[in-house]
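Below, chains carry the letters A, B, ... as their sequence lines are ordered, and counting in each starts from 1.
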2 protein chains.
Amino acid sequence: MANNVTLKDVARRAGVSYQTVSKILRNQIQVTPEVRARVQQAVEELGYRPNITARSLRLQTSHLIGYSWKSAHERYINPILEEFEQSIVDAAERLGYHILLFPYHQGPDLYRTYEELVYSGRVDGFILSDLEFDDPRIPVLDRLQVPLVAFGRAQSDGSTFPYVDVDGRAGIRQAVEHLLEQSHQRIAFLGWPEQSRVGTDRLSGYWEAMKAAGLPVDPAWVMHGAGQYDYGYTAAHTLLDLPAGRRTSAIVTVYDLIAVGAVQAVQERGLQVGRDVAVTGFDDTPLLSYLLPGLTTLRQPVWEIGQRVVELLVRLFEGDKPAESESHVLVPPELVIRDSSRGYRPR
Amino acid sequence: MANNVTLKDVARRAGVSYQTVSKILRNQIQVTPEVRARVQQAVEELGYRPNITARSLRLQTSHLIGYSWKSAHERYINPILEEFEQSIVDAAERLGYHILLFPYHQGPDLYRTYEELVYSGRVDGFILSDLEFDDPRIPVLDRLQVPLVAFGRAQSDGSTFPYVDVDGRAGIRQAVEHLLEQSHQRIAFLGWPEQSRVGTDRLSGYWEAMKAAGLPVDPAWVMHGAGQYDYGYTAAHTLLDLPAGRRTSAIVTVYDLIAVGAVQAVQERGLQVGRDVAVTGFDDTPLLSYLLPGLTTLRQPVWEIGQRVVELLVRLFEGDKPAESESHVLVPPELVIRDSSRGYRPR
DNA sequence: GAGAGTAAGGCGAACGTTCGCCTTGATGCT
DNA sequence: AGCATCAAGGCGAACGTTCGCCTTACTCTC
């Protein structure tokens, strides 16, 4: 239970009215040094702390931010999210807010749940992560007219909520350009299903880089799949089965685990990763470095994204209407070059 | 910003006093069916939701639980925590609470920070995870006299706060017994540093099982180390270097990544894991299953622990004084038997 | 038909703040 | 001396609930 030292207690001890104490503590009023000192002392002696609930009621703001993310299904793990969470908590704290957990589980009463949280004054706004293609949360929150910033973009339909996202296109472009520098010419792309928002974004980076280099792309090189390890494994085998003239010497993937599957396939063929076939991943998954130390990959600037998401949201709370360029932010990932894409020797 | 439909608005439309509306909605009063219907209709039409802040102020409880965990250092990842977080959010929601994130960063003003949160009425109590040997949070929160339940135990000094923890001793005992059944006789234990609370707990499970089986333990078999992969790797090599009569045929470890290192060492010797040397881990780390599918390990019942932690905490809120056995709970992990401990053929 | 009992709902107060306006007394100016 | 000015701090009200007690009117009982 909260401490029960209130303004009135402090006031009584300091011999002033409690409203005056409130104003003194927030520097909203000028008083004689003696009075200020008396109040300060009373505060210390009694251990007074302003009651946040009362303040929230009066100010009509909870200083709480709801964080909605997608529960990991079964034992799948998203390495990104923990760092993101840390980052938003850190930024929120810095700006005087706290983060309330609010996992998103699909269901018919989605609207009801959010409405509840917002109309009951529980939270001032939301941070969403794990946005999906046509995420159902977006229309719901749009309708509620509540401040909201997302990590990631949804489908580009009418609603244009503010977001901060990784520039997957620029990332993949970097990866492909890096491979081109290593004098690869035939480069495959293991992407996600065609409906995937993130997947198409990353794919376009591939196209851009190939086009800029003036290189032709064999349709067989571009694949779309839903799995992780297994998908990478079988897709890589398919690529390696192509006739010599069409066979790729490099495989760009949209996710580390897909890359791991591909590496496995390459090795099973008796080929050496890097020297014979280059492979790149995406995310720089922490644990992976123990098991496959040499994977070239793209590291998402998760910490920075978290910071910017919160800063943007707080600006919205304050009634700011940020410019387009400030409310739709893309941050490029960092290419981490390791052995899986080095030392290519064309044969 | 919160909806601004209040009890008074509903009351005006329904033609009753607002206090009556409040009571009707919470079923604290009997009214004629007509009045109830009028009120219900007004609620629906206006979209009334009780203001949580006002309720909190009146009831002197925030219905918020602070969750304090240790920020992952650098790129280390704790696979357990995400599920734990999910679980406590789920349980809290079920019981009418929400979880407020409050990462624990070491520092001199630790006390101040917690005091702030408690005395300001921000949270009703705390859940702690990642307890360390002599965790600094414990005395602080002890002094604040705030309801608190931990996932894990700290050093057993005076303060005996409620906790729910994995029974590491029982877990390791299970693992060792399983190996004994596979007719292993010389079993090594790769533990954590001697000061580690969790480490000594798990070690005692090893001793118990070996003693119960009446088997001698060579001091060289029991190792303490701080690392992860590297530690497992070098420790296993050391064990395999022992003279034939003292060499172990099984290696029990306290953490999956240590086991992975050990597996690597075993394989480098040209030995086959399982058939020649058995290895077991701890945690059933999700990603690992992609890379080392056959590792026998102990799966922590994280979901169940989260549920029980919250239930216990809510009981404390309600003024319950749970019995010793209810407030110090140990849950045994589940032994997941895979290939790394099967098919032993003594030579 | 008077008193007691009960059901339905009204009313004031309180939770601990913050905000805007008001009062008081001292000072300055002409 | 008379008036305006200003600094210091008091005071009432409001934020939206919940709680306990009170009033009113109706029904039952002998």
What ring pair (Phe, Tyr, Trp, His ring centres under 6.0 Å) pairs are there with at least one residue in residues 300-327 of chain A, not counting sequence neighbours?
A:Tyr97-A:Phe317
Ring centroids only, cut at 6.0 angstrom: are B:Tyr67 and B:Phe102 within range, meaning strictly under it?
no
Quantified as the angle between the terminal helix axes (five pairs each), what is the overall bend of the helix from C:dG1-D:dC30 to C:dT30-D:dA1 to 10 degrees?
60°
Distance in angstrom units between [X] [atom1] and [N] [atom2], rounded:
X	N	atom1	atom2	value
A:Leu25	C:dG16	CG	C1'	13 Å
A:Leu46	C:dG16	CG	P	14 Å
A:Arg26	C:dG16	CZ	C1'	12 Å
A:Arg49	C:dG16	CZ	C1'	16 Å

Check whether any side-chain N or O of A:Arg55 sits under 4.0 Å from OP1 or OP2 of C:dT18, and answer yes or no.
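Checking A:Arg55 against C:dT18: at least one side-chain N or O falls below 4.0 Å of OP1 or OP2.
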N/O (side chain, B:Ser22) to phosphate O (OP1/OP2, D:dT18) under 4.0 Å:
yes
With sequence neighbours left out, what residues match B:Arg12 under side-chain contact (heavy atoms from CB on, under 4.5 Å)?
B:Lys8, B:Asp9
Taking side-chain contact (heavy atoms from CB on, under 4.5 Å) as the criterion, tell me which of A:Leu7, A:Val10, A:Ile24 meets it with A:Val43.
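When A:Leu7, A:Val10, A:Ile24 are each tested with A:Val43, the side-chain contact (heavy atoms from CB on, under 4.5 Å) holds only for A:Val10.
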Per-nucleotide protein contact string for nucleotides 6-15 of chain D, where B marks a base within reach and S marks sugar-phosphate only (heavy atoms under 4.0 Å, - for neither):
--SBBBBBBB
Answer yes or no: is there an ion pair linking B:Glu116 with B:Arg122, defined by an N-O contact shorter than 4.0 Å?
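Answer for the salt bridge query: no.
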Taken in chain and number order and not counting sequence neighbours, the residues that satisfy ring-ring contact (aromatic ring centres under 6.0 Å, His included) with A:Tyr163 are A:His328
Is the backbone of A:Pro103 close enough, under 3.5 Å, to the side chain of A:Ser68 for a donor and an acceptor to pair up by distance?
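No; zero donor-acceptor contacts below 3.5 Å.
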By salt bridge (charged side-chain N to carboxylate O under 4.0 Å, His left out), B:Arg308 pairs with (sequence neighbours left out) B:Glu304
